[in-house]
Amino acid sequence: MPELPEVETVARGLQREIAGRRILTVTLGKTDFIDNPTEIELNLPTRTIERVERYGKFMLLRLTHPTAKEPSALLVHLGMTGSLMPRPVAQPHAKHTHVVFLLDDGRELRYVDPRRFGRMAFLAGPRLQEELLRFGADPLESTREAFVDLIHSRHSRSKALLLDQSVIRGVGNIYADESLWRAKIHPAKTGASLKPAQIKLLYTKLQEILRKAIALRGSSISDFLGSDGLPGDYQQHHRVYDREGKPCFRCKTPIRRIIVAGRSSHFCPNCQKAPRSQKRRRKRSQIRRQKRHKRRK
DNA sequence: CTCGATCCCTGGACGC
DNA sequence: TGCGTCCAGGGATCGA
């Protein structure tokens, strides 16, 4: 559930709380969500958390070491239910605490994640660079022109494109649905089928929503809390997400929920007109496939 | 390139 | 009250 605004909220909180702290020891519980548990145990102690950044839905804990020259970082993805917070050593460990970093100020940085859909990895040097290159543009840093190109050049459905971290990094189900509603784009419309003006509007709305959500410390559905334990408030501003059957804020038409790109997608069937038909889409992609086939021959 | 299906995992919702 | 069942959801992976 944590998407860009929630991760930004947590990252800012951690930057304030733990930047400059040195890690003394690491204790691991379950490790099936960690790329390389041994490397974490080996490399994290003695390193200092220089600063905490957000990278898409990841938190990037930039690390320094007295002798190591290569840049290194701890990548943390919160998945659906992850949290990373500093706690007093005396405080009992919450259930599903899987990673504990003892800090040089006597506190513990704890990773808790009931479902373990998160991810953790220690990366350094070229491997770190390589990993970061797998992801697409940050929606808040991309230019409008680049964003339009990105979407317009693809034949995937708009919802799939927004969710694809290798295209745009940081957007998840909530902010995809919310931005498509604001831009009046049906989630099943393909990027290529959109007019540039529509994509420009999507870009603007997506940025507006993300900035507003960051200002409100994210959306707290289920139980998301920032690193200082405060909930977010953006859920008050949701227009379609989790509002199936409720009236559209623009036209009162009941909001619908369908599965697009394997994810539940909420939209207004009146404001967000459906593409002509699935059949035609299939036919078109078949034609493209044949063209490519011929070209190869 | 793009798609759908499947798996991972647990807690919350729901039915009885 | 308690038990069983279903489902959500980000991402990796695989076959079509």
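Side-chain atoms are counted along with the backbone in the values below, which use heavy atoms only and exclude waters and symmetry mates. Chain letters run A, B, ... following the sequence lines, proteins first, then strands; residues in each count from 1.
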Out of dG10(C), dC9(B), dG9(C), which has the shortest distance to the side chain of E3(A)? dG10(C)
F33(A): partners by ring pair (Phe, Tyr, Trp, His ring centres under 6.0 Å), with sequence neighbours left out: H98(A), Y111(A)
Distance in angstrom units between L78(A) CG and dG9(C) P, rounded: 17 Å
Kindly confirm or rule out a cation-pi arrangement of R239(A) over F249(A), judged by NZ or CZ under 6.0 Å from the six-membered ring centre and within 45° of its axis? yes
State which of dT10(B), dC3(B), dT2(B) makes the closest approach to the side chain of R116(A). dT10(B)
Without decimals, in angstroms, what is the distance between D113(A) CG and dT10(B) P? 10 Å
Sorted by chain and residue number, the side chain to side chain contact (heavy atoms under 4.5 Å, CB included) partners of A213(A) (sequence neighbours excluded) come out as P5(A), Y175(A), Y234(A)
Take atom NZ of K30(A) and atom C1' of dC9(B), then tell me their distance rounded to the nearest Å. 9 Å
Results of side chain to side chain contact (heavy atoms under 4.5 Å, CB included) for R144(A) - residues two or more places apart only: K200(A), Y203(A)
Non-neighbouring partners of F122(A) that pass ring pair (Phe, Tyr, Trp, His ring centres under 6.0 Å), sequence neighbours left out: none
Using only atom types and a distance under 3.5 Å, with no angle test, would you say the side chain of E178(A) pairs donor to acceptor with the backbone of Y241(A)? yes
Can you list everything that forms a side chain to side chain contact (heavy atoms under 4.5 Å, CB included) with E208(A)? Sequence neighbours excluded, please. T204(A), K205(A)
Lys/Arg N to Asp/Glu carboxylate O, E8(A) vs R54(A), below 4.0 Å: yes
CZ of R115(A) versus P of dC9(B): gap in Å, rounded? 13 Å
Short N-O contact, E131(A) and R119(A), less than 4.0 angstrom: yes
Which atom pairs link the protein and nucleotides 11-13 of chain C when you take only N or O atoms and keep those under 3.5 Å?
from    : atom 1 : to      : atom 2 : distance (Å)
dG11(C) : OP1    : H77(A)  : NE2    : 2.7
dG11(C) : OP2    : K57(A)  : NZ     : 3.2
dG11(C) : N7     : R263(A) : NH2    : 3.0
dA12(C) : OP1    : R134(A) : NH2    : 3.2

Any pair with a residue in residues 251-269 of chain A that passes salt bridge (charged side-chain N to carboxylate O under 4.0 Å, His left out), sequence neighbours left out, goes on the list, sorted by first then second residue, please. E244(A)-R257(A)
Could you run down the sub-3.5 Å N/O contacts of the protein with nucleotides 3-7 of chain C?
none

Pairwise ring pair (Phe, Tyr, Trp, His ring centres under 6.0 Å) hits with a residue in residues 59-93 of chain A, at least two apart: F58(A)-H77(A)
Rounded to 10°, tell me the angle between the two end axes of the helix from dT2(B)-dA16(C) to dC16(B)-dG2(C), each built from five pairs. 40°
Quick note, side chain to side chain donor-acceptor pair (under 3.5 Å) partners involving residues 21-30 of chain A, not counting sequence neighbours, are R21(A)-D104(A)
All N/O pairs under 3.5 Å across the protein-nucleotides 13-15 of chain B interface:
none

Within less than 4.0 Å of OP1 or OP2 of dA8(C), is there a side-chain N or O belonging to Y241(A)? no
Can you check whether A160(A)'s main-chain N or O pairs, donor with acceptor, with D164(A)'s side chain at less than 3.5 Å? no
